[in-house]
Amino acid sequence: MSWSAPGNHLSASVRIIVDDLGLSRVADAESVTSPDVNLIHALRERIRQRLRVPLPEPLVLCMSSAIYQRFANLEGQPGLTVERLSPRPFLRERLGCPLPVWLTDPLAVMLLALAGDHAATEGDPIDRILALIDPALAQCQDPRDCRPVF
């Protein structure tokens, strides 16, 4: 399973992937990890230049939401797409069913990490874990109403 965000990024000159959980598997993405003011300024100039003069290949950047805040004012510019990755859509696709509200992003990341990139099978770690969950808890939509049964 390739973990890249869906979306229409084919016509974008600049594609920013906001990924706080390390989900992105986009091969051509440039990782932006330093909050250094000089590096941020230089990157903002590269983005502006690419938006003014598009090249055949888009500039693809992957960064955390903390770093993205420095670029948020560019959102909405023609030629710029911003994709925010969340593990829930990946897990929902993997399981083929809606996820309960209480299944948080960090828990979804752990489940995806356990399963790896293998196809779902009877011995799939996610299936084994979900089989251990009480059915009432698995169906619970509001975390305040979820009470463990002992």
Side-chain angles (χ1 to χ4, degrees), residues 1-37 39-44 46-47 50-51 58-150:
M1 177 186 319
S2 174
W3 293 355
S4 66
N8 182 10
H9 50 266
L10 298 177
S11 62
S13 299
V14 178
R15 180 178 167 206
I16 297 177
I17 302 168
V18 181
D19 181 7
D20 288 323
L21 299 168
L23 296 173
S24 178
R25 300 291 185 263
V26 178
D28 58 347
E30 181 181 326
S31 184
V32 181
T33 57
S34 174
D36 178 72
V37 174
L39 293 174
I40 296 294
H41 178 71
L43 187 54
R44 287 177 67 80
R46 279 181 59 205
I47 291 170
R50 186 62 74 94
L51 291 174
L59 173 61
V60 182
L61 305 167
C62 185
M63 61 187 69
S64 69
S65 57
I67 291 178
Y68 174 71
Q69 288 177 2
R70 308 273 180 114
F71 301 95
N73 67 325
L74 296 174
E75 194 164 354
Q77 295 284 322
L80 174 73
T81 61
V82 178
E83 302 166 23
R84 291 169 179 82
L85 297 188
S86 167
R88 291 180 57 84
F90 299 116
L91 189 57
R92 184 174 42 249
E93 177 186 325
R94 175 74 184 256
L95 297 175
C97 63
L99 300 177
V101 175
W102 55 263
L103 201 149
T104 62
D105 279 353
L107 181 55
V109 168
M110 286 189 291
L111 289 173
L112 287 167
L114 282 173
D117 287 338
H118 306 293
T121 64
E122 187 175 321
D124 187 329
I126 293 175
D127 290 337
R128 292 195 313 259
I129 290 169
L130 292 177
L132 297 174
I133 296 175
D134 183 281
L137 181 60
Q139 297 302 319
C140 180
Q141 291 300 310
D142 187 343
R144 295 171 296 192
D145 296 335
C146 301
R147 291 184 178 78
V149 178
F150 296 103

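With hydrogens and angles disregarded, no donor-acceptor distance shorter than 3.5 Å links the side chain of Arg70 to the backbone of His41. Of the possible donor and acceptor atoms, one in the side chain of Asp20 sits under 3.5 Å from a partner among the backbone N and O of Ser65.
Nearest approach of Ala12 to Pro58, heavy atoms of both residues: O-CB, 3.2 Å. Shown here for Asp19 and Ser24, the closest heavy-atom pair between the two residues is OD2-N, 2.7 Å. Closest heavy-atom contact between Leu51 and Ser13: CD2-CB, 4.3 Å.
Between Arg15 and Val26, the closest side-chain pair of non-hydrogen atoms falls below 4.5 Å. Considering only heavy atoms from C-beta on, Ile40 comes within 4.5 Å of Phe71 through its side chain. Residues Asn73 and Arg44 meet the side-chain proximity criterion, which asks for heavy atoms closer than 4.5 Å.
Note on residues 71-81: pairs passing salt bridge (charged side-chain N to carboxylate O under 4.0 Å, His left out), not counting sequence neighbours, are Glu75-Arg84.
Note: Ile67 CD1 to Ile16 CD1 = 11.5 Å, rounded to the nearest 0.5 Å. Between the CZ atom of Arg46 and the CG atom of Leu61 there is a distance of 6.5 Å, given to the nearest 0.5 Å. Separation of atoms CG (Leu43) and CD1 (Ile47) is listed at 4.5 Å; rounding is to 0.5 Å. In this structure, CE on Met63 lies 10.5 Å from OG1 on Thr33, to the nearest 0.5 angstrom.
With sequence neighbours left out, Ser64 forms a side-chain hydrogen bond (donor to acceptor under 3.5 Å, both in side chains) with no residue at all. Scanning for side-chain hydrogen bond (donor to acceptor under 3.5 Å, both in side chains) contacts around Arg92 gives an empty result, with sequence neighbours left out.
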